[in-house]
Every structure is written in C-alpha cells, then in structure tokens.
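Lettering follows sequence order; numbering is per chain, from 1. In this text, all values refer to a predicted model and were calculated from it rather than measured experimentally. Any value given below was found using the heavy atoms of this structure, including those in side chains, with hydrogens, waters and symmetry copies removed.
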Number of protein chains: 2
Amino acid sequence: MAATTTVSPRSASSVFDSLEQEAYLQLWRTYDRLREIDERLFQQYGITAQQYNALRILRAVRPGSLSTSALGARLVSRAPDMTRLLDRLEEQGFVRRQRSAENRRVIDVTITRSGLAVLDTLAAGVRRCGRDQLGHLPRKTLQALIAILEQARAPHEDQSTVDQWLGNRQRTGEGEA
Amino acid sequence: MAATTTVSPRSASSVFDSLEQEAYLQLWRTYDRLREIDERLFQQYGITAQQYNALRILRAVRPGSLSTSALGARLVSRAPDMTRLLDRLEEQGFVRRQRSAENRRVIDVTITRSGLAVLDTLAAGVRRCGRDQLGHLPRKTLQALIAILEQARAPHEDQSTVDQWLGNRQRTGEGEA
DNA sequence: CGATAATACCCGTTCGAACGACTATTGTTA
DNA sequence: TAACAATAGTCGTTCGAACGGGTATTATCG
C-alpha cells in the first residue's frame with residue numbers, strides 16, 4: 001500500500017478551508033505530537049507538564065512565593081482549576097500553601113525542598129526531551145518559529161499579562177509594591 | 001504598571017533551559033490561545049473540536065464510510081477513546097455505526113444527513129474563527145509557519161500514516177483493496 | 001459604621017483524555 | 001481442524017479540564 005498512493009505534493013486548498021485553518025491544524029497536530037514525548041517523561045514522576053511548569057515558576061521566585069492566582073496567570077496554558085492542581089502538588093509534598101498575613105483571602109504558594117529535588121531529578125530528562133522534540137531543527141529555524149508564534153498569538157494575549165508567563169525572570173525583591 | 005516594566009528585548013536563555021524548550025512552550029502557549037477561540041464556537045453546538053474534525057473527515061469520504069480505527073488514525077490529535085467519541089456523535093445523530101459485512105470485527109462509521117447539516121451550519125463560524133485566530137498574519141508568514149511545523153513533527157510521525165490525516169482527499173472507490 | 005461590591009479561593013459536578021483489561025472475530029500454523 | 005496469535009472494538013476506571021455557584025475576606029461609598 002505504501003507504493004500505490006501517489007504522494008502528491010499537496011495540491012493545497014483541497015483539504016483545508018483556508019490557509020489559516022491549515023496553519024491552525026498543523027499547529028494542533030504538531031503540539032500533540034511533541035506533547036506525547038514530554039508527557040511520557042513527566043508521567044514517570046507522577047506529574048503533568050502543567051504541574052512541572054508550576055514548579056518551574058515557583059522555583060524562579062524562590063524563596064519567595066506566589067498567590068494561587070498569580071501562579072495561574074503565569075502558567076503556559078489556562079488552568080481554571082488552580083486549587084486542585086495545587087492540591088495534588090501539595091499531597092506529593094512539592095509545594096506548601098499558607099494563608100497570607102496581610103490579605104487573608106490570598107494563599108501563598110511556595111516550592112518545597114522536595115519540589116526542588118524533583119526538578120533537579122527531571123532536569124536531564126527535560127533537556128533530552130527538548131532535543132528529541134525539536135533538536136533536529138537548526139537554530140535559525142527555531143528562532144523563526146518562535147518569532148512567528150509570538151506574532152500569531154500577540155492579538156490573543158491579554159496585554160496586561162503578555163509578558164507575564166515569560167516574565168518569571170528573577171525579581172529579587174518581589175515586595176508587592 | 002505598563003510603563004514601569006522595561007520590556008527588555010528578551011535576553012534569551014534567561015528563562016528557558018534551551019531554544020528547543022522555548023519553541024515548544026511557545027507552541028503550547030499559542031495552541032492554547034487559539035484553541036480557546038474555536039472551542040467557544042463548537043461549544044455552542046455541543047461538540048468539541050475533535051468531534052468536528054471527525055465529522056469533517058467523514059464528510060470527505062462520503063457517501064463511503066470509515067472504520068473506527070481508520071477514522072481515529074486520521075484525526076488531528078490522538079484519540080485513545082474512539083468508541084466513546086463516536087458514542088456521543090451517534091447520540092446526537094451525527095453519525096451512524098454499523099458492523100461491516102465482510103469483517104464482522106469492524107464497525108463502519110458514516111456521517112448522517114444531520115451531521116452534514118451541522119457542518120454546514122458551522123461553516124461560516126469556522127471561517128470566521130480562522131480569521132480571528134490567524135487572519136492578522138500575511139500569507140507568506142502562514143506558509144512559513146506551516147512549513148516549519150511540518151519539519152518539526154516529521155520525525156515524530158509514524159511514516160505509514162504521515163500523510164494520512166491530511167489525506168482525506170476523495171478516494172472515489174475506497175474498496176479496501 | 002453599615003451596606004454593598006469586588007476579590008480570592010474553594011468545591012460540586014460534568015465531561016473528555018488516557019490507560020488497560022476484556023470480548024468477539026479473524027488469521028496462521030502445525 | 002484445533003490451538004494460538006493478531007486485530008477491532010468495547011468498557012471500567014482514574015485523572016484532569018472546564019464551568020458555575022458558594023464562602024470568606026477586603027475594599028468602597030454613603
């Protein structure tokens with residue numbers, strides 16, 4: 001069967017309604033394929049990619065903490081269920097939650113020693129995942145991809161948080177002024 | 001607050017472990033943002049994006065049918081639960097299932113008149129979604145994005161099905177020879 | 001100061017994703 | 001042809017995503 005089907009250099013516009021739709025479906029497909037790879041890694045340690053990212057963000061603000069909602073706003077993808085995501089991380093002992101002193105509505109979340117340890121354990125695997133996923137692309141191509149993706153989602157980012165999720169750069173103080 | 005934070009042209013490598021990881025996270029983030037848009041549309045009609053795609057694929061082979069697994073293989077993203085995905089579509093009357101005559105293990109899935117109707121109803125919305133999602137990018141950029149994405153996932157596609165999911169081009173016969 | 005609104009989080013619930021065990025049917029082989 | 005393997009799909013179950021309503025706390029405004 002492999003030989004009979006003429007490959008046809010994709011006569012474009014036959015399958016997709018529009019170029020926009022094709023790009024979106026390609027994006028979806030590609031994400032799905034790459035996701036499979038790192039989920040396999042995280043699964044071995046009982047966490048999800050989203051949870052891993054939460055830990056990564058908490059490590060970046062260490063030894064400070066983030067409120068539940070501030071953490072949620074920095075996650076890669078939407079998470080309408082921060083409470084239970086944190087429940088699971090807390091059960092595993094990777095984070096600690098405690099009610100804020102100044103504003104008792106707020107819950108401050110901190111990464112624990114054990115959370116840092118699991119990040120360390122995962123570090124090598126994560127690097128290897130990156131290579132498995134996209135290591136075959138030259139740097140120029142990766143940079144081009146990143147640039148286009150930023151363009152693509154720019155209009156869909158809430159301007160107030162546009163740089164938030166990339167913005168877990170060390171803020172040494174983090175006093176909420 | 002918008003004025004105080006110096007935008008900083010992204011000093012690279014500060015936040016991400018590697019360029020590969022950055023590209024992947026950008027991909028994830030972008031997918032998540034775009035997905036939000038068309039899910040809002042599909043939700044109004046009680047279906048998911050995955051279900052919509054199944055219907056689209058079934059329309060393409062109409063009036064023929066596909067086996068459950070053949071349909072699953074053509075979907076945009078993995079679906080380890082074809083049975084129940086089809087359960088839901090069947091409940092809504094969008095597809096019909098019937099056991100194949102030649103091979104009684106196989107279930108043939110066909111789109112119904114009602115399934116075609118819902119695709120027609122959605123057509124305008126889907127086009128609008130495409131524009132909302134990526135209409136702000138010039139064609140050249142979209143094409144570049146598509147090309148890079150194909151490159152990106154090429155090593156992760158099962159070669160036997162690499163063109164499958166794009167391959168719902170009319171196969172007039174579809175006799176299983 | 002008291003009423004009202006806004007904020008931050010929690011939780012009940014429903015649905016889909018994912019995994020794996022299971023059944024029925026067909027193919028293979030001695 | 002009988003035993004065994006491979007295939008196609010179903011189903012139980014667990015977990016996460018998503019939505020919406022509920023509660024506690026703080027802010028606002030007369």
Side-chain angles (χ1 to χ4, degrees), chain A residues 1 28 31-33 35-54 65-92 95-109 160 176, chain B residues 28 31-33 35-54 65-92 95-110 160 176:
Chain A
M1 70 139 84
W28 182 6
Y31 166 66
D32 186 69
R33 281 294 172 274
R35 180 172 61 105
E36 191 175 7
I37 294 171
D38 65 27
E39 275 185 355
R40 232 186 334 251
L41 168 68
F42 293 136
Q43 197 170 287
Q44 296 173 346
Y45 296 86
I47 62 173
T48 64
Q50 188 76 296
Q51 288 170 0
Y52 170 78
N53 264 282
S65 57
L66 283 172
S67 70
T68 299
S69 51
L71 176 57
R74 284 173 174 73
L75 284 181
V76 177
S77 90
R78 294 163 294 162
D81 202 11
M82 265 304 117
T83 298
R84 269 169 287 212
L85 188 154
L86 291 173
D87 284 349
R88 292 166 212 128
L89 288 177
E90 196 176 29
E91 271 171 39
Q92 296 175 280
V95 304
R96 187 176 49 246
R97 280 191 281 196
Q98 61 188 100
R99 210 161 269 281
S100 160
E102 313 98 46
N103 187 338
R104 306 217 2 263
R105 286 172 297 186
V106 172
I107 303 276
D108 287 324
V109 185
S160 72
E176 76 294 76
Chain B
W28 181 6
Y31 166 67
D32 187 70
R33 281 293 172 277
R35 180 171 61 104
E36 191 175 8
I37 295 170
D38 65 27
E39 274 185 354
R40 234 188 331 253
L41 170 66
F42 293 135
Q43 198 171 286
Q44 296 173 345
Y45 296 86
I47 63 174
T48 64
Q50 189 76 296
Q51 289 170 359
Y52 171 78
N53 265 282
S65 58
L66 283 172
S67 71
T68 298
S69 51
L71 177 57
R74 283 172 173 76
L75 284 181
V76 177
S77 91
R78 293 163 295 162
D81 202 12
M82 266 303 117
T83 297
R84 268 169 287 213
L85 188 153
L86 291 173
D87 284 349
R88 291 166 211 128
L89 288 177
E90 196 176 29
E91 271 171 37
Q92 296 176 280
V95 303
R96 187 177 49 248
R97 280 192 282 196
Q98 63 188 98
R99 210 160 269 284
S100 160
E102 312 96 49
N103 188 338
R104 306 213 8 261
R105 286 173 295 187
V106 172
I107 302 275
D108 287 323
V109 186
T110 320
S160 71
E176 77 294 74

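Atom-to-atom, CG of Leu85(B) to P of dC11(D) comes out at 15 Å; the value is rounded to the nearest Å. The nearest whole Å value for the distance from the CE atom in Met82(A) to the P atom in dC19(D) is 14 Å. Nucleotide dC19(C) holds its C1' atom 15 Å from the CD atom of Gln44(A), rounded to whole Å. The CD1 atom of Ile47(A) sits 22 Å away from the P atom of dT14(D) (whole-angstrom rounding). Look at CZ on Arg40(B): it is 10 Å from P on dC19(D), rounded to the nearest Å. In this structure, Gln51(B) places its CD atom 13 Å from C1' of dA17(C), rounding to the nearest Å. One can place CD of Gln98(A) at 13 Å from P of dC10(C), the figure rounded to the nearest angstrom. Between the P atom of dA17(C) and the CG atom of Asp32(A) lies a distance of 11 Å, rounded to the nearest Å.
The CZ atom of Arg84(A) lies 12.0 Å from the CD atom of Glu91(A); values are rounded to the nearest 0.5 Å.
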Open item on the list: Please evaluate residues Asn53(B) and Trp28(A) with respect to the criterion side-chain contact (heavy atoms from CB on, under 4.5 Å), reporting the C-alpha separation (whole Å), side-chain torsions for both, the decisive distance (0.1 Å), and the verdict.
Closed with: CA-CA 12 Å; Asn53(B) 265 282; Trp28(A) 182 6; 3.3 Å; yes
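At least one donor-acceptor pair closer than 3.5 Å links the side chain of Arg99(A) to the backbone N or O of Arg104(A). Counting only distance, with no hydrogens or angles, the side chain of Asp32(B) and the backbone of Val76(A) share no donor-acceptor pair below 3.5 Å.
Nearest to the side chain of Val106(A), among dA18(D), dA8(C), dA18(C), sits dA8(C). When distances run from any side-chain atom of Ile107(B) to the nucleotides dA18(C), dA18(D), dG9(D), the shortest one goes to dG9(D).
Listed by chain and residue number, Arg35(B) satisfy the side chain to side chain donor-acceptor pair (under 3.5 Å) test with Glu39(B) (two or more places apart in sequence, or in another chain). Legend: residues meeting side-chain contact (heavy atoms from CB on, under 4.5 Å) with Ile47(B), ordered by chain and number and at least two apart, are Phe42(B), Gln51(B), Tyr52(B), Gln92(B), Phe94(B), Leu122(B).
For Gln43(A), a side-chain nitrogen or oxygen approaches OP1 or OP2 of dC19(C) to under 4.0 Å. Contact annotation: Thr68(A) reaches the phosphate of dC9(C) (side-chain N/O to OP1 or OP2, under 4.0 Å).
Heavy-atom distances to DNA chain D give each of Ser67(B) and Ala79(A) a nearest nucleotide, and the one nearer the 5′ end belongs to Ser67(B). With DNA chain C read from its 5' end, the first of the two nearest nucleotides for Glu39(A) and Arg97(A) is the one closest to Arg97(A).
Nucleic acid contact for Glu36(A): none, since no nucleic acid atom lies under 4.0 Å from a heavy atom of the residue. Across all strands, Ser69(B) comes closer than 4.0 Å only to sugar-phosphate atoms, never to a base (heavy-atom distances).
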TODO: Quick one, give me the B/S/- string for nucleotides 20-29 of chain D, reading 5' to 3', where B means a protein heavy atom under 4.0 Å from the base and S means that only happens at the primed atoms, P, OP1 or OP2.
DONE: -----BS---
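Between Leu71(B) and Ala54(B), the closest heavy-atom pair is CD1-O, 4.0 Å.
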